[in-house]
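Before I ask anything, let me first share the structure, which is written out below as structure tokens.
When a ligand or atom number is given, it counts from 1 through the structure's own listing order.
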Amino acid sequence: MATAPRALTPLSQLAKPVADWVANVASLTKPDRIHWCDGSHGEIRELRSELIASGELHALEQKNFPGCDLYRSHPGDVARVEKVTFICTTKQDDAGPNNLWMSPADGHARMRELFSGCMKGRTLYVVPYCMGPIDSPLARCGVEITDSAYVVLNMAIMTRMGRPALERIASGDTFVRGLHSIGELDPNRRFIMHYPEDLAIESFGSGYGGNALLGKKCHALRIASWQARQEGWLAEHMLIVGLENPAGEQHYIAAAFPSACGKTNLAMLIPPDSLKGWKVTTVGDDIAWLHPGADGRLWAINPEAGYFGVVPGTNPSTNRNAYDMIRRDTLFTNVAVTADNQPWWEGLDSGAPVTDWQGRPYDPKNGPSAHPNSRFTVAATQNPSYSPHAEDPQGVPISAIVFGGRRRSVAPLVYEARDFNHGVLLGAGMASEQTAAAEGKVGIVRRDPMAMKPFCGYNFADYWAHWLDIGARLARPPRIYHVNWFRRDAQGKFLWPGFGDNLRVLAWMLERSAGRGGATETAIGNLPRASDLNLAGLDIAPDALAALLAIDNAEWRKEAAEIRAYLGEFGSRLPAALVHELAALEARLALRAWS
Ligand code: OXD
Ligand code: MN
């Protein structure tokens, strides 16, 4: 006799701690309806149709862009807002000078007032999600409560969302509680609060990416970095890319660059024709969770399941993989539209915008047609270079860690740390020109250690100490590098072609890891000579290459002084080993100043 399929437990009854919390939140926010998200295709289809019918979402031309929609955010809500992003720890020093701080009691009191009754007339969505492969011991779960269906659609792409995540929580996994409401999208009533001690997040007044998709920056970086310190791992703002050389050796590199500095492009790099036999695969483009493995190596998972990438500049020559993957089932935010209703952005060499990102007739006098921080949200599995190992529960082993910034001068194309501790100084001393990914003046150079300035959920001094501890635990630590694809000549022209040609630099790193690549020792670390790089088929003037690999001692002494001043802000909490590394750098620079 055939047995009838077992009825599934309703989501609302699966995990009592979640149900209790939802009931508490509902009594505060007073929604009209509660919807528990199961993550099914049917659910997503329905939500999408509802949003299209209400005019919140705009279906794009479906013949060439099947399944693609456009969402226009409020014009005053287009980027992360660091000035209203707080870390609420009991002791202010635990948040550190790198964060805005508020006491948990003050944070909750302020947010309670904002959340009170804020969901009247709205639906409260319960979004259970898992960051990382659902069967991975390294993955961590969360539940986001939100009143934005747009947020649900994004979370469905960016995370493993729905029933399996709630089942994992029901079986005893701890979970991060994220409460979000778009409120009235009033910038004066906008706060993003993090309570790392309670694994909780409260975000009000913004519907934009990093402020609202709580699984991403709020959970997978700010809260996870705190969790990682307690549990002995690292949560980092890093892409993870797989590289197979012509001899068939497979390596993985994790690289930290500030927002909008090309992580997505590097993660999906296409080798230039002249570098035969290389294969590149993508594990992740924004966040890496790094764990010391039993074999003494560092292993990485990508906690995300999708990409929330910057659109402008994406074209077949900068990032063919991204260009191809965003032609179907993609949620665009704040791009322009052509006369035939296709998405358009600056950097495409065909088509023309007729409607700008705000829905106005396009007029160049209003600036770019697509917002500079316009985004695509797309499933990672649509990436043609998606790694077959991206779902491995134990992650992938990391051979090299790369730090990088956007600097028109000072930092050479690439240099290698002398050892792991020196590498921590390379990361701690990182600086970069500000981009459109966060509110603020674009172009100003700011210190952005490990590309984590906006994302580290605790005091940077403790964070660097934690990095040093992790290094000490690794019998086979990855080598650490610093790169700068953005160095310019006196006329302001980029010296390095970037994009696919960046593989030449990564290839040198792997040669170094294998004990083969040559280098010259300098005061700041080991640099390749031109002859150490594979430059086959690259059209680059010898003086451009020389400038890319040059170190100006005076500039570097100034840089070291700036790093000293910056690190000084962390006072006596700074780990002694880091102070020692800085002093050693200064001493090497002083020695060479006379030679
Ligand atoms: C992002 C960011 O969205 O870093 O990834 O701002
Ligand atoms: Mn990012």
Is Thr85 close to Leu100 at the side-chain level, that is, under 4.5 Å between some pair of heavy atoms?
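The answer is no; the side chains never approach within 4.5 Å.
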
Are Glu391 and Arg160 within salt-bridge range, i.e. N to O under 4.0 Å?
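Salt bridge flag = yes for Arg160 with Glu391.
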
Among Gly210, Ser259, Pro454, Gly309, which one has a heavy atom closest to atom 4 (O) of ligand 1?
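That would be Ser259.
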
Do any nitrogen or oxygen atoms of Arg80 lie less than 3.5 angstrom from nitrogen or oxygen atoms of ligand 1?
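Yes: some nitrogen or oxygen of Arg80 is under 3.5 Å from one in ligand 1.
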
Interfacing atoms of ligand 1 (cut-off 4.0 Å, heavy-atom, Asp286):
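This gives 5 (O) as the contact atoms.
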
What residue pairs, at least two apart or across chains, pass salt bridge (charged side-chain N to carboxylate O under 4.0 Å, His left out) with a residue in residues 324-333?
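Checked against salt bridge (charged side-chain N to carboxylate O under 4.0 Å, His left out) - neighbours excluded - the pairs reaching residues 324-333 are Arg320-Asp324.
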
Test of understanding: given a 4.0 Å heavy-atom threshold, classify the contact between Phe455 and ligand 1 as side chain, backbone, both, or neither.
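Within the 4.0 Å criterion, Phe455 contacts ligand 1 through side-chain atoms alone.
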
Suppose the cut-off is 2.8 Å; which protein N/O/S atoms would you list for the Mn ion (ligand 2)?
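Near the Mn ion (ligand 2), the protein supplies Lys217 NZ, His237 NE2, Asp286 OD1.
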
To check you understand the geometry: which heavy-atom pair defines the closest contact between Gly457 and Ile87, and what is its length?
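So the two residues come closest at O-CG2, 3.5 Å.
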
Please list every donor-acceptor pair under 3.5 Å in which a side-chain atom of residues 393-406 meets a protein atom from a residue at least two apart or in another chain.
from: Ser399; atom 1: OG; to: His251; atom 2: ND1; distance (Å): 2.6
from: Arg406; atom 1: NH2; to: Ala260; atom 2: O; distance (Å): 2.9

Go through the structure and list residues passing salt bridge (Lys or Arg N to Asp or Glu O under 4.0 Å) with Arg189, not counting sequence neighbours.
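Arg189 satisfies salt bridge (Lys or Arg N to Asp or Glu O under 4.0 Å) with Glu184 once adjacent residues are dropped.
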
Would you call Glu304-Lys263 a salt bridge at under 4.0 Å N-O?
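Answer for the salt bridge query: no.
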
For His237 and ligand 1, answer yes if some heavy atom of the residue is under 4.0 Å from a ligand atom, otherwise no.
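Judged by the 4.0 Å heavy-atom criterion, His237 does count as contacting ligand 1.
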
May I ask you to check whether Lys216 has an N/O atom sitting below 3.5 Å from an N/O atom of ligand 1?
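The answer is no, given that Lys216 and ligand 1 share no N or O pair closer than 3.5 Å.
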
Against the six-membered ring of Phe494, is Arg488 placed for a cation-pi contact (under 6.0 Å from the centre, within 45° of the normal)?
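Judged by the rule (NZ or CZ under 6.0 Å from the ring centre, within 45° of its axis), Arg488 counts as positioned above Phe494.
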
How about Leu567 and Trp464: do any of their side-chain heavy atoms sit closer than 4.5 Å?
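Leu567 reaches Trp464 side chain to side chain.
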
